[in-house]
Trainee: 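Mind looking over this structure? Questions follow.
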Amino acid sequence: VQLQAFGGGLVQAGGYLRLSCAASGDTFSNYGMGWFRRAPGTEREFVASVDWRGSTIYYADSVKGRFTISRDNAKNTVYLQMNSLKPEDTAVYYCAAGPPRSAVWSWQYDYWGQGTQVTVSS
C-alpha cells in the first residue's frame, strides 16, 4: 500500500491543523493506521492509532484531548485533527499502515508515508 500524507504547515500556538493520509494500492480496510512524529534531534514517537473499523483508538498522553484520529474507509483516508497546538508539537508527521488492530509501536507498521511538516510558532 502507498501512503501520502498532507495538510501540514505553519500555525501559531493554540491553532489547529488537519492532516490527511491517502492510501492506494491495496484494500485500505485491511489495515490499522497510525500517526507518528519526529522532532529534530529526537526519535520517532507514537501519536495516535486506529483499527481497521475505526472503533479502537489510542493516543499518546502528550496529545490526548487535543488530537483526534479518524478514518474514512470509503475514501481510503485517515485523518489527524490537531487542536490547541503547542510549539512542542512541531515535527514531521508520518502516517503508517499496519495490522488491522490499533497498534502503538512503530515496528508493527509495514508501510510509511513520506511525512508532512508541522511547525507551531509561539
Side-chain angles (χ1 to χ4, degrees):
V1 62
Q2 292 81 47
L3 304 173
Q4 184 171 6
F6 52 95
L10 173 64
V11 63
Q12 289 188 329
Y16 63 91
L17 284 172
R18 188 194 198 200
L19 305 184
S20 301
C21 175
S24 61
D26 200 350
T27 303
F28 183 63
S29 58
N30 284 345
Y31 299 93
M33 299 296 296
W35 286 97
F36 292 77
R37 66 187 182 187
R38 177 178 285 162
T42 69
E43 298 292 319
R44 181 169 53 193
E45 66 172 354
F46 169 76
V47 175
S49 64
V50 60
D51 73 341
W52 69 276
R53 293 183 301 177
S55 59
T56 300
I57 290 174
Y58 298 122
Y59 295 101
D61 287 344
S62 58
V63 307
K64 203 171 293 183
R66 300 187 298 121
F67 290 11
T68 303
I69 189 172
S70 62
R71 65 186 295 159
D72 185 337
N73 286 348
K75 296 183 178 180
N76 294 342
T77 302
V78 62
Y79 305 97
L80 186 69
Q81 178 68 42
M82 306 186 295
N83 297 331
S84 303
L85 283 162
K86 304 175 181 180
E88 51 264 43
D89 294 318
T90 295
V92 178
Y93 283 70
Y94 299 89
C95 61
R101 66 185 184 278
S102 189
V104 303
W105 301 106
S106 61
W107 57 264
Q108 294 176 293
Y109 290 86
D110 299 311
Y111 304 97
W112 293 82
Q114 84 287 3
T116 184
Q117 176 71 48
V118 172
T119 303
V120 184
S121 63
S122 57

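FYI, side chains are in, hydrogens and waters are out, and symmetry mates aren't considered; it's all heavy atoms of this structure.
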Trainee: For D26 and Y111, what are the C-alpha separation, side-chain angles and deciding distance, and is it a side-chain hydrogen bond (donor to acceptor under 3.5 Å, both in side chains)?
Mentor: CA-CA 11 Å; D26 200 350; Y111 304 97; 5.8 Å; no
Trainee: Indicate every side-chain donor-acceptor pair of residues 14-23 with a distance under 3.5 Å to a residue at least two apart or in another chain.
Mentor:
none

Trainee: Is it the case that the side chain of S49 and the backbone of A103 share a donor-acceptor pair, with hydrogens and angles ignored and the cut-off at 3.5 Å?
Mentor: yes
Trainee: Report yes or no: does D51 contribute a side-chain atom to a donor-acceptor pair with the main-chain N or O of T56 at less than 3.5 Å?
Mentor: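 At least one qualifying donor-acceptor pair exists.
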Trainee: Can you see which heavy atom on V50 is nearest to which on S102, and at what distance?
Mentor: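 Here V50 and S102 meet closest at N-OG, 3.5 Å.
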Trainee: Which residue pairs pass the ring pair (Phe, Tyr, Trp, His ring centres under 6.0 Å) test with at least one member in residues 38-77, sequence neighbours excluded?
Mentor: F36-F46
Trainee: In chain order, what residues pass the side chain to side chain donor-acceptor pair (under 3.5 Å) check against E45, with sequence neighbours excluded?
Mentor: R37
Trainee: Hey, quick one: are Y31 and I57 part of the same hydrophobic cluster, counting side-chain heavy atoms closer than 4.5 Å, chains of contacts allowed?
Mentor: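 Yes, Y31 and I57 fall within the same hydrophobic cluster.
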Trainee: Going by side chain to side chain contact (heavy atoms under 4.5 Å, CB included), name the residues that satisfy it together with D110, two or more places apart in sequence or in a different chain.
Mentor: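 Residues passing side chain to side chain contact (heavy atoms under 4.5 Å, CB included) with D110: none at all.
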Trainee: Output all residues satisfying side chain to side chain donor-acceptor pair (under 3.5 Å) with N30, sequence neighbours left out; order by chain, then residue number.
Mentor: none
Trainee: To the nearest 0.5 Å, how far apart are CE in M33 and OG in S70?
Mentor: 11.5 Å
Trainee: For R38, which residues count as a side chain to side chain contact (heavy atoms under 4.5 Å, CB included) partner, sequence neighbours excluded?
Mentor: T42, R44, Y94
Trainee: Please tabulate, for side-chain N and O atoms in residues 77-87, each donor-acceptor pair with protein atoms closer than 3.5 Å (sequence neighbours left out).
Mentor:
residue, atom, partner, partner atom, Å
T77, OG1, K75, O, 2.8
Q81, NE2, N83, OD1, 2.9

Trainee: Using the salt bridge (charged side-chain N to carboxylate O under 4.0 Å, His left out) rule, collect all pairs that involve residues 54-71, keeping only residues at least two apart or in two chains.
Mentor: D61-K64, R66-D89
Trainee: Hey, any chance V1 and F6 share a hydrophobic cluster, counting ILVMFWY side chains that come within less than 4.5 Å of each other, even indirectly?
Mentor: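 No, it is not one cluster - the side chains of V1 and F6 are not joined through contacts under 4.5 Å.
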Trainee: So which heavy atom on Y109 is nearest to which on G98, and how close?
Mentor: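 Nearest heavy atoms, Y109 then G98: CD2-N, 3.4 Å.
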Trainee: Which pairs with one or both residues in residues 23-78 pass disulfide (SG to SG under 2.5 Å), sequence neighbours excluded?
Mentor: none
Trainee: Name all pairs fulfilling the side-chain hydrogen bond (donor to acceptor under 3.5 Å, both in side chains) condition that reach into residues 113-122, sequence neighbours left out, sorted by first residue then second.
Mentor: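 For residues 113-122, and leaving out neighbouring residues, the side-chain hydrogen bond (donor to acceptor under 3.5 Å, both in side chains) pairs sorted by first residue read Q117-T119.
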